[in-house]
Structures are given as C-alpha cells and as structure tokens.
Amino acid sequence: MDVRATIEEALRDLGIETPFVEIEQPRVVEHGDLATPVAMSVARSLRRPPRDIAEEIAERLSSTGLFERVDVAGPGFINLFLKRQYLWNELLRLLKDPAGYLRKDIGKGERVQVEFVSANPTGPLHLGHGRGAAVGAALSALLQRGGYSVEREFYINDAGRQVQLLGESLFARYCEALGREYPIPEEGYRGEYLGDLARSLVDEVSDRYLNRPFQEVQDFFVEYAVQKMLGWIKRDLEDFGVTFDRWQSEKALYQDGTVQRCHEELKKRGFLYEKDGALWFRSTLFGDDKDRVVIKSDGTPTYFSSDIAYHWYKLQRGFHRIINIWGADHHGYVPRIKAVVKALGLPEERLHILLVQMVNLLKGGRPVQMSKRYGEFVTLREVMEEVGADTTKFIFLTRRHDSHLDFDIEVAKASSSENPVYYVQYAHARINSIFRKADQRLLEDLKGADPSLLEQDEEIALLKKLLLYPLIFEGAVRALEPHRITFYLQELASLFHYFYTKHRVLTEDRDITMARLLLCKGVLIVLREGFGILGITAPEKM
RNA sequence: GCCCCCUUAGCUCAGUAGGAUAGAGCACAGGAUUCCUAAUCCUGGUGUCAGAGGUUCGAAUCCUCUAGGGGGCACCA
C-alpha cells in the first residue's frame with residue numbers, strides 16, 4: 001500500500017482537492033517516519049484553520065491501519081509513524097517484484113527524446129561533454145524506469161563552416177607532412193590530433209591530393225576528417241559507457257529536404273520575411289529579443305536554419321516531449337528555439353532545455369587553461385583513464401546540472417580509495433561477499449524467511465530508508481534530476497555499513513540469518529537499480 | 001550596456017513543489033576489528049544561507065535592488 005495514495009484517498013474522502021501531496025522525511029525522529037504539510041497548504045483555499053484540517057485528515061489516516069500513530073503537530077503538520085508490520089510487508093513486496101516496486105509508470109509510455117552531447121565532430125570530447133553525457137544517460141535511464149519510452153539521440157553538426165574549417169585544417173596538416181606550405185586557416189583547428197591524423201592519411205593515400213587546390217579536394221578532406229572525429233567520439237562515449245539509439249546528421253536534414261520543408265511551413269504561417277537580401281525568422285513575436293537570420297544574404301544558411309528544422313523534425317517524429325541537454329554556454333540560444341516551437345504551433349512545454357553548467361578543470365587546486373582553438377584541452381579520455389569512468393560519472397551526478405562544477409583531477413584521483421563512488425559500490429560488494437559465504441540452501445529458501453525478526457534499530461532504520469526509494473525516484477523523474485538518486489544511494493549505503501558493523505548477517509540462528517539475508521537482498525536490489533540509473537558498475541568484489 | 005546561471009561550514013556540494021531545530025562528504029583530532037571484505041564504523045563543530053528590502057502563519061527556497069564569480073550577447077557555430 002502506497003503512503004501517498006493513501007493520503008490522496010483520505011483527502012478525496014474529505015472532499016479536499018490539491019494538485020500535489022507533499023511528503024517529506026522529517027529530520028527529527030519525533031516528527032515521525034514521514035510527514036506532510038498538506039493541511040497547511042490547503043488551509044487558505046478552504047478558509048479553515050490548518051490544525052482543524054490536519055486533525056480531520058489524521059483521524060481518517062489512523063483508520064487505515066498503516067500507521068502506528070498519526071500526530072498533528074506545530075502549525076498543522078501531520079506526522080506519520082509507520083507500523084513495523086507495514087515495513088515488513090513492504091520488504092516482501094519489494095523482493096517479490098523488484099521492478100514493480102521500484103519503477104512506476106508515470107509516463108504511461110509517452111515518447112520522450114533526449115538529445116545530448118551532440119559535440120561538433122571537430123575534435124575529441126572534452127570534460128564538459130563528459131558531464132553532458134553522464135547527465136543525459138542518467139536522465140534517460142531514469143525516465144525509462146518512470147514509464148517513458150525514451151530515445152537517446154546525438155545530433156551531428158556535419159554541415160557548415162566548422163567542419164569546413166576542420167577539413168581545411170587537415171589539408172594544411174597533410175601538406176605539412178609532405179613538405180608543402182599551406183597555412184592552417186585563421187580560425188582553424190590547431191590541435192596536434194590533426195597532425196597525427198594527417199600522417200596516417202599520408203600512409204593511406206600518399207601524395208594523391210598534394211598538388212591540387214583545396215577547393216577541388218575539400219569534400220574528401222571534410223568527409224574524411226568528420227568520419228574520423230565521429231569515430232573517436234563514438235569510441236570515447238562507448239568506453240565511458242554511454243550509448244545512443246540514434247545519430248542524426250545535420251547534413252542529411254539538408255539533403256532529404258527537411259530544412260526546405262520546414263522553411264515552407266514557417267513561410268506559410270507568415271513568420272519568415274526578407275530584409276537586406278537575407279531571410280529572417282520573426283522570433284520576436286514569440287519572446288526573443290531580436291529576429292534571427294535563417295538564410296544569409298550570400299545565400300548560405302545559418303546554423304539556426306537547420307536547427308529550426310531539426311526541432312521541427314523531432315516533434316514531427318511523434319515525441320511528446322523532447323529534452324535538449326546543452327552546455328550552459330548555449331543559454332542565449334534558448335529563447336529562439338522556444339520561439340521556433342511556438343511558431344510551429346506546438347506547446348512549448350513539449351520542449352525542455354536542460355543547461356549543464358561549465359566544468360572547471362583543476363589540477364591540485366590550480367585551474368587548467370583550456371583553449372579548443374589551440375588544441376590545448378584535457379580530453380574526456382584522459383580523465384577517464386586517469387580517474388576512471390565510474391568516479392567521473394559519479395562526480396558529475398552528485399551535483400545539480402545547473403551548478404558550476406570544480407573538477408580537480410588530483411582530488412578525484414588521490415581520494416580514489418575513499419571516493420564516494422567506492423563507498424556506495426563497497427556496500428554492494430559486501431553484500432555479495434555475504435551471499436558467497438552464506439549457506440546456498442538458505443539463499444534458495446528465502447521465500448520462507450520471516451521479516452518480522454528484523455527488530456533491531458539498525459535494521460528498522462535501513463528498512464525505512466530502503467522503502468523510501470520510490471518516493472525519491474518519483475521526485476527525481478518529475479524534476480528531471482538524476483542527482484537525487486546519487487544522494488539517496490549514499491545515504492542507503494551509509495545505513496547499510498552501520499548495520500553491517502553492528503550486526504552479523506550469518507549467525508547460528510537460522511531464522512535471524514534468513515531475515516537478515518532478506519534485508520540484504522533488498523538493499524542489493526535497490527543499489528543495483530540506482531547504479532543502473534547512474535550508469536556505474538556494480539562490482540561483486542572489491 | 002543588455003540577458004542567463006551561480007553565491008549555504010575551512011574546501012567540494014546537497015537541501016526534495018514555501019514548512020518544524022539548515023545537512024553530507026572531504027580535511028582535522030581521537031577511538032573501534034578473536035567472527036560475513038577496515039574502500040567500513042563510532043565520537044568530536046563550525047554557519048550573518050553574499051547583503052538589503054518585500055510577500056507569507058512560515059523564506060536558503062518566491063519578488064525587487066545591490067555586490068561578487070561564471071557564461072552569453074553576430075547575416076559565427
């Protein structure tokens with residue numbers, strides 16, 4: 001029986017309407033296992049004293065049989081003390097059907113697309129991309145468990161000026177490798193990785209492209225460079241443990257006419273106009289602070305041009321919601337994309353843009369200067385190899401996505417043995433160790449265990465935390481905040497470690513042993529569920 | 001100049017949809033293991049929630065202003 005559902009039912013019976021019943025975990029034990037301020041929030045609209053309402057709700061809740069005690073306290077809090085029998089029953093429910101207990105069909109199969117990373121294929125991924133990758137993957141996993149049908153997509157910016165510059169930069173390096181002078185373009189890419197790539201290109205094609213003007217060979221160089229970069233990006237992400245369902249090419253949106261069709265749609269709606277030889281989108285009608293150019297006066301499209309089409313296309317594909325995870329340096333872009341959605345006659349709630357804040361890379365307290373242009377930056381791969389993928393992800397997922405983040409490589413490495421991620425994983429390893437040592441016949445016979453033997457304070461505390469998972473989970477899904485799972489897992493691990501040092505699981509007493517194995521099994525299941533969301537491994541030994 | 005984000009313990013960060021006495025990790029000091037993994041546990045304490053007003057029964061949370069930090073302001077991507 002779900003506590004929230006119980007309260008909602010009680011409210012319905014009393015004819016009280018409220019959009020949301022807040023349930024919190026009180027800090028003080030005297031305030032119960034759970035508490036709700038709902039009486040106070042409805043007091044104003046009901047024009048009644050909150051305590052009166054609270055009393056009424058409390059009385060109704062007392063009769064449900066879930067609670068040992070229901071108190072009304074302070075200005076109108078309702079404090080709930082759960083019956084032990086309820087806790088024990090819940091543990092059995094969890095073990096009987098873990099997925100049913102831990103996941104909830106909030107989305108009802110609604111289709112959601114999460115687009116993330118989408119790094120330009122002009123170089124290796126850096127640490128900021130890693131943060132986007134960790135957050136996007138965790139959010140996707142979270143929503144999936146929340147009953148949404150999720151598709152993960154990477155948008156490839158393989159059209160436009162940046163990849164042109166990339167191609168020409170590679171050409172320059174190629175010439176350099178063969179002794180011909182050709183300058184790297186002013187705003188080109190100077191990273192050493194292109195030098196390496198050029199040398200391997202020489203091995204492949206020798207001097208076939210050497211004595212020709214760049215214009216003639218540019219298609220080859222752009223294509224070659226983009227494919228190689230994309231290959232690196234895919235490999236980096238794969239090694240980081242992040243996968244995508246779909247890779248959407250920008251170039252393809254031009255080639256298959258999507259961009260064209262979208263422009264026609266906007267034109268039909270009257271939101272495009274010509275001025276100074278360029279084609280403009282009237283985004284100011286929808287809250288942007290100026291209109292934006294779609295086709296430049298020289299006839300070439302802006303980046304925005306395909307981006308409009310991309311968002312249109314995404315929504316056309318039948319997603320009820322699309323979520324973009326962007327670096328915070330793109331925040332200025334938000335109003336114009338929202339304008340696009342509105343202009344196309346779609347409700348803006350269908351587009352969520354999550355801004356992931358910048359990552360400050362430090363080394364022993366000192367900032368590491370990064371410049372993409374000169375190719376001086378620390379790559380995700382370097383960090384992954386030095387610090388480890390699990391640790392890196394965990395650090396990213398113990399912060400809100402919109403908080404600035406200091407990532408100190410030295411700290412992440414140095415503290416690796418007492419790193420929070422190991423703390424949580426260690427709980428998992430310990431339980432596995434117990435299971436290895438345990439009499440296998442007991443493990444197979446856990447259905448016969450009696451959870452009501454779990455009466456020690458540490459057992460009850462652990463049990464309560466365990467059963468809190470669905471509440472945390474729902475909150476995380478609603479708020480699109482996977483980091484809540486991370487914090488919860490640390491708290492759960494902490495209570496487990498405390499329990500572990502206080503009590504032996506494997507004892508002489510067969511019944512106690514089985515009850516405790518049952519509890520451990522529950523913790524194991526919840527830890528794994530959480531690890532699955534965060535995308536970290538669940539080691540059986542450490 | 002305009003816009004967005006951030007400011008909570010020495011450091012890094014949480015603080016759940018406005019709720020009760022603001023939390024964790026790290027760092028520092030001391031202690032715990034005959035027995036399932038000591039990557040563990042226990043005990044120590046600190047806050048002008050950047051500042052000032054306002055809304056509210058109630059504000060770290062909402063509004064306004066100020067200060068500091070970061071980011072963005074193109075017919076660039």
Side-chain angles (χ1 to χ4, degrees), chain A residues 19-28 30-31 35-37 40-41 43-44 49-50 73-77 79 120 122 157 159-163 165 187 275-280 289-290 292-298 300-304 307 327-335 355 357-358 360 365 395 398-400 402-408 411 415-423 425-427 429-438 471-472 474-476 478-479 481 483-484 486-488 490-491 493-494 496-507 513 516 520 541-542:
Chain A
F20 176 77
V21 177
E22 191 183 345
I23 297 177
E24 40 185 52
Q25 207 192 355
R27 279 189 284 272
V28 194
E30 293 79 49
H31 294 160
T36 175
M40 290 180 288
S41 23
R44 194 184 308 271
F77 288 99
N79 295 332
N120 279 344
T122 53
N157 293 118
R161 195 170 124 81
Q162 294 309 312
V163 290
L165 286 169
E187 288 172 88
K275 194 183 87 182
D276 305 330
L279 189 65
W280 297 70
D289 43 16
K290 55 176 294 192
R292 306 290 170 176
V293 170
V294 177
I295 307 281
K296 293 183 264 183
S297 53
D298 67 2
T300 60
T302 59
Y303 175 78
F304 184 51
D307 224 32
D329 52 341
H330 287 71
H331 68 78
Y333 220 73
V334 174
L355 296 175
Q357 270 297 346
M358 305 283 97
N360 263 324
I395 288 173
T398 38
R399 270 101 173 150
R400 294 176 51 86
D402 62 350
S403 80
H404 297 262
L405 186 151
D406 283 346
F407 193 107
D408 193 315
V411 171
S415 67
S416 66
S417 63
E418 50 203 42
N419 206 292
V421 69
Y422 295 114
Y423 181 85
Q425 288 177 325
Y426 188 50
R430 271 184 152 173
I431 294 173
N432 276 286
S433 172
I434 294 171
F435 286 178
R436 281 193 297 272
K437 286 263 162 59
L471 208 60
I472 303 294
E474 275 181 58
R478 173 188 49 73
E481 288 182 350
H483 77 274
R484 295 188 190 190
T486 320
F487 282 89
Y488 168 82
Q490 295 189 68
E491 290 165 13
S494 168
F496 173 76
H497 287 310
Y498 183 47
F499 156 78
Y500 180 93
T501 43
K502 204 94 175 192
H503 303 286
R504 277 192 64 84
V505 173
L506 307 177
T507 63
T513 300
R516 289 186 178 156
C520 286
K541 286 182 186 173
M542 285 175 75

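Source: prediction; values computed, not measured. Letters A, B, ... mirror the listed sequences (proteins, then strands); counts begin at 1.
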Within this structure, what is the OH-to-C1' distance between A/Y423 and B/A24, rounded to whole angstrom?
10 Å

Quick one: which of B/C76, B/G15, B/C36 gets closest to the side chain of A/Q162?
B/C76

B/G45 versus B/A22 - spacing of their C1' atoms, nearest Å:
14 Å

Counting only Watson-Crick pairs (N1-N3 plus N6-O4 or O6-N4) and G-U wobbles (N1-O2, O6-N3), all under 3.5 Å, who is the partner of B/C35?
none

Just by distance, do the side chain of A/H497 and the backbone of A/Y423 share a donor-acceptor pair under 3.5 Å?
yes

Report the relative orientation of the aromatic rings in A/F499 and A/H503; use parallel for angles under 30°, tilted for 30 to 60°, perpendicular for over 60°.
tilted

Looking at B/C4, B/A14, B/A17, which one has an atom nearest to any side-chain atom of A/H331?
B/C4

Please confirm whether the shortest side-chain N or O distance from A/H483 to OP1 or OP2 of B/G15 is below 4.0 Å.
yes

With stacking defined as ring centroids separated by under 5.5 Å and planes differing by under 30°, is A/F77 stacked against B/A20?
yes

Considering only heavy side-chain atoms of A/R44, the closest of B/C57, B/G71, B/A38 is B/C57

Mark yes or no: A/R430 above the aromatic ring of A/F496, with NZ or CZ under 6.0 Å from the six-membered ring centre and no more than 45 degrees from the axis.
no

Given that A/A479 and A/A493 both sit by RNA chain B, which one's nearest nucleotide is further toward the 5' end?
A/A479

B/C75 phosphate, OP1 or OP2, under 4.0 Å from A/K290 side-chain N/O
yes

B/A77, B/C13, B/A20: which one has an atom nearest the side-chain heavy atoms of A/T302?
B/A77

Mind calculating the distance between CD (A/Q25) and P (B/A24) to the nearest angstrom?
13 Å

Against the side chain of A/E30, the closest entry in B/A77, B/C41, B/U21 is B/U21

Backbone N/O of A/T507 and side chain of A/T513: donor-acceptor pair under 3.5 Å
yes

Any N or O donor-acceptor pair under 3.5 Å from the base of B/A77 to the side chain of A/D307?
no

Are the side chain of A/S41 and the backbone of A/P37 linked by a donor-acceptor contact shorter than 3.5 Å?
yes

Could you identify the nucleotide paired to B/A52, looking across every strand shown and requiring Watson-Crick or G-U wobble geometry with both distances under 3.5 Å?
B/U64

The side chain of A/R27 is closest to which nucleotide in this list: B/G19, B/A20, B/C41?
B/A20

Working to the nearest 0.5 Å, report the span between CD of A/Q357 and NE2 of A/H404.
3.5 Å

If the cut-off is 4.0 Å, is A/Y426 near the phosphate of B/A39, judged by side-chain N/O to OP1 or OP2?
yes

Using the P atoms only, state how far B/U55 lies from B/U12, rounded to an integer number of Å.
35 Å

Does the side-chain ring of A/H31 sit on the six-membered ring of the B/A20 base, less than 5.5 Å centre to centre and under 30° in tilt?
yes

Spell out, as yes or no, whether a donor-acceptor pair under 3.5 Å connects the side chain of A/D298 to the backbone of A/T300.
yes

How far does the P atom of B/G69 sit from the matching atom of B/A27, given to the nearest Å?
30 Å

What's the closest nucleotide to the side chain of A/R504 if the choices are B/C5, B/A77, B/C36?
B/C36

Report yes if at least one side-chain N or O of A/S403 is closer than 4.0 Å to OP1 or OP2 of B/A14; otherwise report no.
yes

Does A/Y498 reach a base, just sugar-phosphate, or nothing at all? Heavy atoms under 4.0 Å.
sugar-phosphate

Residue matched to B/C26 through Watson-Crick or wobble contacts both under 3.5 angstrom
B/G10

Under a 3.5 Å cut-off for both distances, is B/G1 Watson-Crick or wobble paired, and to whom?
B/C73

Can you tell which of B/C36, B/C57, B/A14 lies closest to the side chain of A/V505?
B/C36

For A/M542 and for A/R478, locate the closest nucleotide of RNA chain B by heavy-atom distance; then report the residue assigned to the nucleotide nearer the 5' terminus.
A/R478

Return the value, rounded to whole Å, for the distance between atom CG of A/N419 and atom P of B/G25.
14 Å

Nearest to the side chain of A/K296 - B/C76, B/C6, B/A14?
B/C76

Regarding A/D289, tell me which of base, sugar-phosphate or nothing describes its non-hydrogen contacts under 4.0 Å with the strands shown.
nothing

Which nucleotide wins on minimum distance to the side chain of A/Y333, given the candidates B/A77, B/U21, B/C41?
B/A77

So for A/T398 and B/C13, does any side-chain atom that can act as donor or acceptor lie under 3.5 Å from a complementary atom in the base?
no

For a quick test of reading the model: is some side-chain N or O of A/R484 closer than 4.0 Å to OP1 or OP2 of B/A17?
yes

Give me the distance, rounded to whole Å, that separates B/C42 from B/G25 when you measure between the P atoms they each carry.
9 Å

